[in-house]
Amino acid sequence: MYLTKEEEKMLEGEFGETARKAMNLLVRLGDIYGAEKMVEIQSAQAAGVSYKTIGDAGLEFLEGFADEGARVRVPCFMNPAGMDLKNHREMNVPEEFAKKQVEIVEAFRKLGVVTASTCTPYLAGNPPLFGSHLAWSESSAVSFANSVAGARTNREGGPSALAAAIIGKTPCYGKHLDENRVAEVLIEVSADLVEPADFGALGHIVGKIAGKKVPAIKGIKKATINQLKMLGAAAAASGAVALYHVEGITPEAIKTMPVKEGFQTHTVEQKDLKNAFEELTTTKEDVDLIAIGCPHCSITELGSISEMLDGKRLEKEMWVCTSIAMKALSDRMGYTKKIEESGAKLVCDTCMVVSPIHEIGFRKTATNSGKAANYLPSFNGQKVEFDSVKNLIERYSK
Ligand code: F3S
């Protein structure tokens with residue numbers, strides 16, 4: 001890989017030991033994937049934040065970096081942690097877990113990472129520019145940045161995103177290059193998409209069809225930011241879709257992109273959507289927990305959930321997961337009050353997948369998220385009910 005004089009000096013340790021280690025990691029990654037050069041990034045997003053995921057080894061790695069005096073050079077946000085950083089006792093998170101989680105967040109803060117702790121940094125103060133290069137980690141955020149914003153990022157691991165944030169650059173390969181952003185499989189949708197959960201179910205199907213390929217989707221007449229984030233998150237979970245195009249909606253859609261040879265076409269009809277709901281549902285019994293907000297809720301989602309909960313009383317524990325930025329707005333709008341009056345909890349900084357919900361005692365979880373429904377059985381040993389928020393509130397409230 002070609003390196004500038006400054007990059008060579010970093011690699012040789014002239015900018016300090018941390019920069020040397022970070023540059024070494026990025027050059028090795030670039031060599032593995034055949035990158036020809038490094039590219040400057042607008043921002044980074046670091047995964048590997050929950051103590052549940054990284055454990056003591058991850059904590060030591062982060063503290064080592066922070067103690068060496070490392071600082072990020074570009075805006076870097078971090079993924080959800082394993083608990084609400086303020087209200088973890090209300091979540092019944094074990095004390096030892098909470099102590100370690102606080103230490104992890106403190107190490108990120110020392111590194112200069114914005115401890116917003118969310119998988120929707122694009123809603124919470126770090127919006128990507130069209131065509132800009134990023135080093136983001138969280139699969140749903142990567143999908144949103146590439147597909148909806150038209151920015152360019154591979155799905156980074158936690159260490160490579162942090163290294164890129166420290167250097168301000170990432171190796172230029174994969175989704176940074178035009179040729180890897182072209183649609184490779186066509187999906188024609190005739191199913192009606194009404195609820196956000198419908199977009200999650202569609203994403204589940206898209207991911208299974210596309211795998212690692214770039215899908216182009218036709219037939220979606222209109223879609224909101226909220227619906228696209230549900231679609232992308234589910235497609236990244238059931239497949240490994242890091243970029244999708246929706247004709248007439250996303251900025252690099254098939255109208256403006258060349259099409260690769262040997263294009264396969266698939267269809268998604270109403271019955272396929274129904275099958276996806278059934279496939280993602282693994283229990284018909286009443287659940288212990290209703291968990292909404294995967295990816296983290298936007299302010300408009302919080303507004304509509306608060307309306308649906310207004311005047312209702314929940315009979316089961318309900319978490320509505322979001323970022324502290326959206327929570328602040330929700331407080332001001334009066335949404336939080338309505339949500340909490342129903343008995344639900346507005347949970348910040350974490351989610352039903354990266355928090356230790358099995359250890360807390362939950363065994364059956366209902367969600368409206370295709371991604372969460374896919375991950376909850378394997379990550380958290382949950383039986384799952386997958387349905388729209390509207391139906392779940394109707395079923396579990398009076
Ligand atoms: Fe975000 Fe957790 Fe879902 S990190 S995308 S809410 S699994």
Side-chain angles (χ1 to χ4, degrees), residues 1 7 10 18-19 21-50 53-54 57-58 61-62 65 70-81 104 107-108 111-122 124 126-129 131-177 180-181 212 214 232-233 235-237 239-244 295 353-354 371:
M1 180 165 64
E7 289 161 1
M10 283 180 173
T18 316
K21 279 196 250 175
M23 195 66 188
N24 187 43
L25 191 156
L26 296 174
V27 168
R28 276 181 21 224
L29 199 64
D31 284 343
I32 290 168
Y33 289 101
E36 290 182 358
K37 60 175 186 173
M38 303 282 284
V39 66
E40 285 188 9
I41 55 169
Q42 182 205 335
S43 69
Q45 192 241 358
V49 177
S50 171
T53 331
I54 66 169
F61 169 83
L62 289 169
F65 252 37
R71 292 291 175 275
V72 295
R73 281 188 168 206
V74 294
C76 180
F77 277 46
M78 69 180 204
N79 224 21
I104 290 170
F108 274 112
L111 288 162
V113 173
V114 178
T115 57
S117 213
T118 181
C119 50
T120 56
Y122 47 88
N126 193 12
L129 277 173
S132 64
H133 297 275
L134 316 171
W136 285 19
S137 301
E138 208 289 314
S139 66
S140 72
V142 165
S143 168
F144 189 94
N146 276 320
S147 315
V148 183
R152 297 179 171 221
T153 179
N154 292 316
R155 186 183 174 189
E156 301 291 343
S160 66
L162 198 53
I166 287 166
I167 300 296
K169 295 180 181 179
T170 194
C172 191
Y173 69 93
K175 293 289 176 281
H176 293 282
L177 302 172
N180 298 322
R181 302 181 64 84
K212 287 185 177 170
V214 178
V241 175
L243 165 65
Y244 62 89
V353 173
V354 299
K371 172 174 177 175

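All values derive from a computational prediction rather than experimental measurement. Start at 1 with the first residue, then count along the sequence.
Residues Y244 and V148 meet the side-chain proximity criterion, which asks for heavy atoms closer than 4.5 Å.
Judged as a salt bridge (Lys or Arg N to Asp or Glu O under 4.0 Å), and not counting sequence neighbours, the contacts of E138 are K371. Remark: K21 engages E68 in a salt bridge (Lys or Arg N to Asp or Glu O under 4.0 Å) (not counting sequence neighbours).
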Q: Mind running side chain to side chain contact (heavy atoms under 4.5 Å, CB included) on E7 and V27 for me, showing each step along the way?
A: CA-CA 10 Å; E7 289 161 1; V27 168; over 6 Å; no

Q: Evaluate the criterion side chain to side chain contact (heavy atoms under 4.5 Å, CB included) for residue pair I166 and F65; output intermediate values, then yes/no.
A: CA-CA 10 Å; I166 287 166; F65 252 37; 3.4 Å; yes

Q. Given the rule in the side chain to side chain contact (heavy atoms under 4.5 Å, CB included) test, do W136 and Y122 qualify, once you have shown the distances and angles that lead to the verdict?
A. CA-CA 11 Å; W136 285 19; Y122 47 88; 4.1 Å; yes

Q | Check against side chain to side chain contact (heavy atoms under 4.5 Å, CB included), Q45 and N79 | A | CA-CA 7 Å; Q45 192 241 358; N79 224 21; 2.8 Å; yes

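In plain terms, the two heavy atoms of I167 and L26 that are nearest each other are CG1-CD1, 3.8 Å. Minimum interatomic distance between R181 and A151 (heavy atoms only, all atoms of both residues): NH2-O, 2.9 Å. Nearest heavy-atom pair, L177 versus C172, reported as atom, atom and distance to 0.1 Å: CD2-SG, 3.7 Å. The minimum heavy-atom distance linking T18 with A70 is given by the pair CG2-CB, 3.1 Å. Heavy-atom minimum distance, F77 versus V113: C-CG1, 3.9 Å. Scanning both residues, P171 and L29, for their nearest heavy atoms gives CG-CB, 4.4 Å.
We find the CZ-OG1 distance between F144 and T153 to be 14.0 Å, quoted to the nearest 0.5 Å. Note that CE of M10 and CE of M38 are 8.5 Å apart. Values are rounded to the nearest 0.5 Å. In this structure, the separation between CG on L162 and CZ on F108 is 6.0 Å, given to the nearest 0.5 Å. The line from CZ of R152 to NZ of K175 is 11.0 Å long, rounded to the nearest 0.5 Å. With rounding to the nearest 0.5 angstrom, the CG atom of N154 is 7.0 Å from the OG1 atom of T170. The OG atom of S50 lies 7.0 Å from the CD1 atom of I104; values are rounded to the nearest 0.5 Å.
Sorted by first and then second residue, the side-chain hydrogen bond (donor to acceptor under 3.5 Å, both in side chains) pairs involving residues 31-42 (not counting sequence neighbours) are Q42-S132.
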